Amino acid sequence: MSKPVRAAVMGTGSWGTAFGMVLADAGCDVTLWARRPELAEAVNSTRTNPDYLPGVELPGNLRATADAAEALRDADFTVLAIPSQTLRANLAEWTPLLAPDTVLVSLMKGVELGSTMRMSEVIEDVAKVGADRVAVVTGPNLAREIAARMPALAVVACTDEQVAQRLQAACHTPYFRPYTNTDVVGCELAGAVKNVIGLAVGIADGMGLGDNAKGSLITRGLAETTRLGLAMGADPLTFSGLAGLGDLVATCSSPLSRNHTFGTNLGKGMTLEETIAVTRQTAEGVKSCESVLDLARRHGVDMPITETVVSIVHEGKSPVAALKELMARSAKPERR
Ligand SMILES: NC(=O)C1=CN([C@@H]2O[C@H](COP(=O)(O)OP(=O)(O)OC[C@H]3O[C@@H](n4cnc5c(N)ncnc54)[C@H](O)[C@@H]3O)[C@@H](O)[C@H]2O)C=CC1
Ligand SMILES: O=C(CO)COP(=O)(O)O
């Protein structure tokens with residue numbers, strides 16, 4: 001009998017834990033790394049993650065540790081599930097501990113501030129590995145639903161299709177059905193920008209603007225994401241797939257989305273400080289809206305919804321004034 005695939009999941013938050021559960025259900029031997037030893041202890045002793053997924057029973061072939069070296073040892077897949085802006089510093093510490101041929105898998109949906117690098121680029125840069133050793137998991141994957149083993153489809157992307165297929169096999173369960181894709185640029189961009197559009201839709205929902213506004217924001221949000229993707233060499237079809245439209249629809253419809261909820265609170269009139277205070281988990285779009293706008297400017301791409309989100313979240317513009325400006329933009333053809 002061949003030995004089980006070993007996976008290290010670095011990050012015991014909501015998605016790290018839920019995806020660890022998927023890997024374990026698919027037959028992998030999984031070790032979660034938790035920043036706090038008391039959380040690792042709680043996972044091992046209660047077989048739940050009381051802080052991030054209370055009430056969800058975790059499988060027996062998943063355990064947790066606060067010792068990164070122990071988690072990373074002999075891992076076939078090293079899954080990175082921490083906030084995007086913390087990846088560079090954490091991975092620099094972990095790089096000397098990585099198993100020699102491990103495939104690094106990003107679950108993160110963000111763009112690094114300053115460098116405007118996608119997460120796979122940060123991984124290649126810090127761990128000094130080629131693109132064929134880096135994969136991305138993305139799509140409509142709200143962690144709470146997956147932890148309840150509700151059905152979901154996903155995309156595993158890698159420039160090397162065989163590596164994508166290995167990861168696909170390692171995380172395929174009766175409730176989690178991953179497809180492969182070799183368009184890493186498109187898949188990552190789609191995931192990061194959908195968080196920004198999720199904020200915009202949340203703001204509109206909080207303001208009570210209705211479902212026509214929601215449909216319009218999702219569609220034009222996808223249009224500006226695709227424009228940026230095209231400028232960066234992505235396959236435009238990726239954006240109408242699970243990583244693009246699929247994730248946008250799930251995020252923009254669900255109260256489980258942290259980005260959507262963050263936007264809703266702003267749209268209802270909470271201040272940024274109040275909204276941050278009530279947000280207990282990572283809402284990546286709050287930081288990544290700035291790096292996405294930066295990317296758009298570097299590529300000469302117009303992204304009016306992203307620009308509006310930045311003006312509300314970081315420049316104190318009122319949602320009412322921002323809406324007026326968006327609606328007053330010059331009339332233009334739908335396709336340019
Ligand atoms: N939760 C979800 O439904 C999904 C989340 N994602 C993405 O997965 C990534 C991780 O998100 P979640 O697990 O949901 O976030 P979370 O907020 O639930 O958990 C974040 C984890 O990172 C740890 N962490 C925070 N700051 C850290 C630091 N400076 N150094 C090391 N560890 C740190 C926390 O202790 C926690 O374990 C994000 O990029 C998110 O966009 C993607 C798909 C679904
Ligand atoms: O990416 C997600 C679903 O696919 C999770 O969205 P939030 O980070 O907004 O909760």
Side-chain angles (χ1 to χ4, degrees), residues 9-22 32-40 42-43 49-54 56 64-66 68 71 79-94 105-112 118-120 122-123 136-148 150 152-156 171 176 178 187-188 190-202 242-265 276 279-289 291:
V9 180
M10 308 305 282
T12 305
S14 47
W15 188 212
T17 307
F19 190 70
M21 188 192 93
V22 171
L32 297 179
W33 169 82
R35 198 162 44 143
R36 287 175 295 122
E38 57 277 20
L39 181 58
V43 168
N49 180 337
D51 292 359
Y52 289 92
L53 291 176
V56 174
T65 177
V79 180
L80 300 159
I82 52 177
S84 299
Q85 308 305 331
T86 76
L87 174 64
R88 183 173 291 276
N90 280 302
L91 188 56
E93 280 188 29
W94 297 333
V105 181
S106 167
L107 300 189
M108 299 161 289
K109 293 179 178 169
V111 173
E112 191 175 52
R118 292 173 286 104
M119 293 299 102
S120 66
V122 175
I123 294 169
V136 169
V137 178
T138 188
N141 295 159
L142 294 154
R144 264 251 145 229
E145 292 187 1
I146 288 170
M150 291 163 75
L153 310 184
V155 180
V156 293
C171 66
F176 192 80
C187 285
E188 276 189 307
V193 185
K194 78 84 197 173
N195 284 332
V196 181
I197 307 304
L199 283 170
V201 169
L242 291 162
L245 184 61
D247 202 0
L248 260 182
V249 170
T251 298
C252 297
S253 324
S254 178
L256 293 176
S257 157
R258 287 84 44 95
N259 289 284
H260 187 191
T261 304
F262 194 104
T264 305
N265 287 334
I276 290 171
T279 305
R280 299 231 314 279
Q281 294 179 13
T282 312
E284 290 279 19
V286 175
K287 287 185 177 155
S288 284
C289 61
S291 36

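In this chain, residues are counted from 1 in sequence order. Atoms within a ligand are numbered from 1 in the order they appear, just like the ligands themselves. Atom set for the values below is all heavy atoms of this structure, side chains included, hydrogens, waters and symmetry mates excluded. Keep in mind the model is a prediction, meaning the values are calculated, not measured.
Taking distance alone, with nitrogen or oxygen atoms compared against 3.5 Å, R280 stays at or beyond that limit from ligand 1. Between A143 and ligand 1, an N or O atom pair is found at a separation short of 3.5 Å. Not a single N or O atom of L142, backbone or side chain, sits closer than 3.5 Å to an N or O atom of ligand 1. Here's the thing with S14: one of its N/O atoms is less than 3.5 angstrom from an N/O atom of ligand 1. Note: no N/O pair closer than 3.5 Å links H260 and ligand 2 by distance alone.
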- request: Could you give me the CA-CA distance, side-chain angles and deciding distance for L256 and E145, then say whether side chain to side chain contact (heavy atoms under 4.5 Å, CB included) is met?
  value: CA-CA 9 Å; L256 293 176; E145 292 187 1; 3.7 Å; yes
- request: Step by step, work out the side chain to side chain contact (heavy atoms under 4.5 Å, CB included) result for V156 and V136.
  value: CA-CA 6 Å; V156 293; V136 169; over 6 Å; no
- prompt: What's the verdict on side chain to side chain contact (heavy atoms under 4.5 Å, CB included) for N141 and F19, showing C-alpha distance, side-chain angles and the deciding distance?
  reply: CA-CA 9 Å; N141 295 159; F19 190 70; over 6 Å; no
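Contact annotation for D247 and ligand 2: only side-chain heavy atoms (C-beta onward) come within less than 4.0 Å of the ligand. Of the heavy atoms in Q281, both backbone and side-chain atoms come closer than 4.0 Å to ligand 1. Contacts with ligand 1 closer than 4.0 Å are made by no heavy atom of L256, backbone or side chain.
Residue N141 has at least one heavy-atom neighbour below 4.0 Å for each of these atoms of ligand 2: 3 (C), 4 (O). Set against the non-hydrogen atoms of N141, the atoms of ligand 1 under 4.0 Å away are 3 (O), 43 (C), 44 (C). Which parts of ligand 2 touch N259 is read off a 4.0 Å heavy-atom cut-off, strictly below it: atoms 7 (P), 8 (O), 9 (O). Set against the non-hydrogen atoms of N90, the atoms of ligand 1 under 4.0 Å away are 28 (C), 30 (N), 31 (C). Atom numbering of ligand 1 starts at 1 in the shown order; those under 4.0 Å from a heavy atom of L107 are 6 (N), 7 (C), 8 (O), 42 (C). Distances below 4.0 Å separate heavy atoms of G16 from the following atoms of ligand 1: 13 (O). Each of the following atoms of ligand 2 lies closer than 4.0 Å to a heavy atom of G139: 4 (O).
Between G13 and N49, the shortest heavy-atom distance links the atoms O-ND2, 4.1 Å. The two residues V56 and R144 come nearest to each other via the heavy atoms CG2-NH1, 4.1 Å.
For the residues R258, M10, M119, K109, the heavy atom positioned nearest atom 11 (O) of ligand 1 is part of R258. Remark: among candidates E145, R36, R35, the nearest residue to atom 28 (C) of ligand 1 is R35, based on non-hydrogen atoms. Of the options K194, E284, K109, R144, the smallest heavy-atom separation from atom 5 (C) of ligand 2 is shown by K194.
Residue P83 places a heavy atom less than 4.0 Å from ligand 1.
Checking Q281 against S14 by side-chain atom types alone, a donor-acceptor pair falls below 3.5 Å. Side chains of T138 and E188: a donor-acceptor N/O pair is absent below 3.5 angstrom, by distance only.
With S84 as the fixed residue, the side-chain hydrogen bond (donor to acceptor under 3.5 Å, both in side chains) test singles out one of K287, E284, R118: E284. The side-chain contact (heavy atoms from CB on, under 4.5 Å) test with S288 is passed by exactly one of E112, M108, Q85, K109: Q85.
Without hydrogens or angle criteria, N195 side chain to G110 main chain gives no donor-acceptor distance under 3.5 Å. The backbone N or O of G198 sits nowhere less than 3.5 Å from a side-chain atom of H260 that would complete a donor-acceptor pair.
Shortest contact from atom 42 (C) of ligand 1 to any protein heavy atom: W15 CD1, 3.1 Å. The nearest heavy-atom contact from the protein to atom 10 (O) of ligand 2 is R258 NE, 2.5 Å.
I146 contributes atom CD1, which lies 12.5 Å from atom OG1 of T17 (distance to the nearest 0.5 angstrom).
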